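Working notes, structure below.
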Amino acid sequence: MFGATDKITALYCRLSQEDERAGESLSIENQKSILLSYARDHHMTNPVFFVDDGYSGTNFDRPGFQEMLAQIEAGKVANCIVKDLSRLGRNSAMTGLYTTLTFPKYGTRFIAINDNFDSADPNSVNNDFAGIKNWFNEFYARDTSRKIRAVQKSKGEKGIPLTVNVPYGYMKDPNDPHHWLIDPEAAQVVKRIFTMCMEGRGPSQIANQLRADQVLTPTAYKKQQGLGTPHPLPENPCKWSNSSVVNILERREYTGCTVNFKTFTNSIWDKKQRENPLENQAVFPDTHERIIEDDVFEKVQEIRQQRHRMTRTGRTSMFSGLVFCADCGAKMYYGATNNYKPQNAFFDCSLHWKDKEKCSTHYIRESVLERLVLRHIQMVTDHILHHKDYFVSVMGQQMRLESSEKIQIHRKKLERNQKRIAELKRLFIKIYEDNAAGRLSDERFDMMSQSYEAEQKQLEAETQTLQQEIEVQERQHENIELFIQKADKYVGIEKLTPYALRELIQGIYVEAPDKSSGKRCQTTHIKYDGIGFIPLDVLMNGKTA
């Protein structure tokens with residue numbers, strides 16, 4: 001145990017960003033001067049400062065306070081002095097807990113100078129008023145938070161970027177701090193990251209490549225440019241992490257839009273940043289110059305949803321995640337032997353390997369697949385080049401038929417969901433009334449209300465997806481025009497690249513071999529991005545029409 005002369009006098013100072021605006025009276029230096037003078041005037045020995053500069057008083061997860069608390073709980077603190085109760089905290093419940101229970105438990109005398117609070121004098125009238133002062137301190141924090149949130153909400157709804165740190169690839173406009181300009185050097189790295197993802201590389205592969213090429217990480221680059229960043233400089237300035245790559249790939253601002261309200265906090269007590277659903281975010285298009293095109297960004301998000309299976313040799317294929325069994329619809333997995341030779345790599349049906357009775361053998365070599373897909377793309381792009389109007393006519397007719405059927409199915413399901421959601425709302429009101437009247441126990445009410453709420457959330461999410469699907473189906477002509485624009489870039493293509501594959505194709509469906517004819521399996525269906533399957537036989541038969 002520590003003797004009385006060994007114990008320290010803890011002098012605790014705290015300053016938040018909001019408090020800093022109050023001026024010199026609340027500055028850390030002013031607090032230190034007041035506390036040290038008090039300790040000396042009252043002959044309190046071994047003064048030690050514990051400081052939290054830039055920390056809110058609404059929670060106690062502060063390094064300075066936690067360090068002091070550890071000393072108190074170890075029995076090393078005789079006295080704890082603060083300028084006033086608000087410096088200790090602005091959460092009335094927690095502040096009261098520490099001053100009336102925790103500190104006395106470990107024999108620590110607590111003093112708040114300006115509030116005349118001294119735990120050594122429990123009968124003091126000022127101590128009795130401490131609870132009321134703590135409540136006012138909390139009210140001040142709540143009121144300040146409310147005002148800040150209102151200002152942020154107003155700014156965010158006007159399209160003013162709420163992020164303090166400009167995304168890597170941009171820099172602030174010297175003439176307008178709310179406007180972003182492209183940083184050419186960093187923007188090239190961003191484009192390269194998206195290109196590598198379109199080529200089928202995962203975040204770890206991209207990070208490894210950037211590291212090997214000695215590309216500075218976003219933090220290191222900003223430090224080099226003399227720009228502010230909240231992150232410390234890494235020991236290796238070129239050591240890219242998977243999370244850094246993912247953050248860039250998922251950042252919609254690269255398409256030239258401002259995205260506000262991406263995160264939220266539950267209250268002033270809980271500062272944890274939580275992701276806001278996309279429907280609750282505010283997106284303002286064309287607020288700054290884009291680095292990445294919309295279709296590339298959306299394609300990358302699709303790729304990010306897919307898991308690319310590696311072989312035991314650590315190799316992947318540019319077709320990974322795109323090849324499916326035409327009979328059962330299951331993914332076809334990529335395989336390569338240990339003594340890897342490109343001509344021996346293959347894809348086979350994943351369901352067949354799990355249950356041979358459910359699906360027959362589906363197998364195709366990667367080299368054959370590449371040749372067939374390249375030939376298909378060449379025929380499609382050549383046909384569009386020479387017979388664009390006919391292509392639009394055929395595809396429009398096909399998509400109208402498909403869309404009509406899909407829209408009808410979606411609308412029926414949408415109607416069922418909406419009826420069930422309305423019914424759940426009525427049921428919830430009924431069980432609430434039954435519970436209030438005593439006809440339904442609290443336990444039963446909690447169980448049923450949770451069940452109804454979970455079902456309602458699921459149906460509402462499904463309803464939103466269905467509405468989006470209907471909108472997509474109704475934009476069929478726009479989809480054809482967008483596909484033609486992409487296809488024009490690949491007229492005369494001689495070699496299939498991962499980027500071309502990801503930009504044009506959504507899925508490749510492989511049929512089982514026809515054993516009676518002795519033919520090997522063939523790629524018979526290719527689903528193109530945005531427009532679906534292209535009937536080459538119809539196009540070719542009527543191309544002169």
Side-chain angles (χ1 to χ4, degrees), residues 1-16 18-20 22 24-141 269 271:
M1 287 291 293
F2 277 73
T5 56
D6 298 322
K7 292 187 176 183
I8 65 172
T9 295
L11 309 180
Y12 181 71
C13 311
R14 183 188 65 79
L15 183 72
S16 70
E18 290 75 28
D19 293 326
E20 196 170 9
E24 180 62 26
S25 64
L26 285 179
S27 70
I28 293 295
E29 292 306 314
N30 181 267
Q31 291 181 56
K32 282 184 175 182
S33 176
I34 292 172
L35 299 181
L36 192 58
S37 295
Y38 186 93
R40 286 173 177 170
D41 292 345
H42 292 78
H43 311 291
M44 295 179 180
T45 57
N46 302 331
V48 177
F49 285 107
F50 296 89
V51 179
D52 284 316
D53 194 353
Y55 287 86
S56 170
T58 55
N59 71 74
F60 288 83
D61 188 19
R62 317 172 215 138
F65 177 82
Q66 289 299 323
E67 183 185 354
M68 181 180 73
L69 184 61
Q71 296 288 316
I72 290 173
E73 291 176 342
K76 299 179 180 180
V77 180
N79 309 293
C80 174
I81 310 174
V82 295
K83 181 176 178 286
D84 55 54
L85 287 166
S86 70
R87 296 307 91 204
L88 186 67
R90 291 190 182 275
N91 181 322
S92 60
M94 292 298 296
T95 303
L97 177 69
Y98 283 115
T99 58
T100 60
L101 293 177
T102 306
F103 295 164
K105 177 182 177 181
Y106 294 102
T108 299
R109 178 185 177 186
F110 176 72
I111 298 168
I113 300 171
N114 288 357
D115 291 319
N116 295 314
F117 181 97
D118 188 343
S119 62
D121 185 10
N123 297 320
S124 168
V125 175
N126 290 311
N127 287 18
D128 294 336
F129 278 103
I132 297 174
K133 290 180 179 179
N134 285 335
W135 183 86
F136 272 108
N137 291 333
E138 178 179 317
F139 176 79
Y140 173 83
W269 316 125
K271 297 296 184 181

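Quick caveat, the model's predicted, so the values are computed rather than measured.
Residues passing the salt bridge (Lys or Arg N to Asp or Glu O under 4.0 Å) test with R109 are D118, sequence neighbours excluded. Residues satisfying the side-chain contact (heavy atoms from CB on, under 4.5 Å) test with E67, not counting sequence neighbours, are F50. Partners of F136 by ring-ring contact (aromatic ring centres under 6.0 Å, His included), not counting sequence neighbours: none found. Remark: D115 engages no residue in a side chain to side chain donor-acceptor pair (under 3.5 Å) (not counting sequence neighbours).
Taking CE of M68 as the start and CG of L11 as the end, the distance is 10.0 Å to the nearest 0.5 Å. For the atom pair CZ of R87 and CD1 of I34, the computed distance is 10.5 Å after rounding to the nearest 0.5 Å. The CE atom of M94 lies 10.0 Å from the CG atom of L88; values are rounded to the nearest 0.5 Å. To the nearest 0.5 Å, atoms OG (S92) and CD1 (I132) are separated by 12.0 Å. How far SG of C13 is from CG of L35: 5.0 Å, rounded to the nearest 0.5 Å.
The shortest distance between side-chain heavy atoms of I111 and C80 does not fall below 4.5 Å. In this structure, the side chains of L85 and K133 come closer than 4.5 Å at one or more pairs of heavy atoms. When side chains are defined from C-beta on, Y38 counts as touching I81, because their heavy atoms get closer than 4.5 Å. At a threshold of 4.5 Å between non-hydrogen side-chain atoms, the residues T58 and N91 do not count as touching.
Remark: the backbone N or O of G64 is paired with a side-chain donor or acceptor of D52 at under 3.5 angstrom. Judged by distance alone, with hydrogens and angles left aside, the side-chain atoms of N114 form no donor-acceptor pair with the main-chain N or O of D84 at under 3.5 Å. Within the 3.5 Å criterion, the main-chain N or O of K76 finds no donor-acceptor partner in the side chain of Q71. At distances below 3.5 Å, at least one donor-acceptor pair connects side-chain atoms of T9 with backbone N or O atoms of T45. The backbone N or O of S33 sits nowhere less than 3.5 Å from a side-chain atom of N30 that would complete a donor-acceptor pair. Remark: side-chain polar atoms of R14 are paired, donor with acceptor, to backbone N or O of Y55 under 3.5 angstrom. Between the side chain of Q66 and the backbone N or O of F60, at least one donor-acceptor pair lies under 3.5 Å. Between the side chain of T108 and the backbone N or O of N79 there is no donor-acceptor pair closer than 3.5 Å.
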Throw together a table of side-chain donor-acceptor distances under 3.5 angstrom for residues 97-104, partners on residues two or more places apart or in other chains.
unit_1, atom_1, unit_2, atom_2, d
T99, OG1, T95, O, 3.1
T99, OG1, G96, O, 3.3
T100, OG1, G96, O, 2.5

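Listed by first then second residue, pairs satisfying salt bridge (charged side-chain N to carboxylate O under 4.0 Å, His left out) with a partner in residues 30-49 number zero, not counting sequence neighbours.
When all heavy atoms are compared, the tightest approach of S56 to S16 is CA-CB, 4.0 Å.
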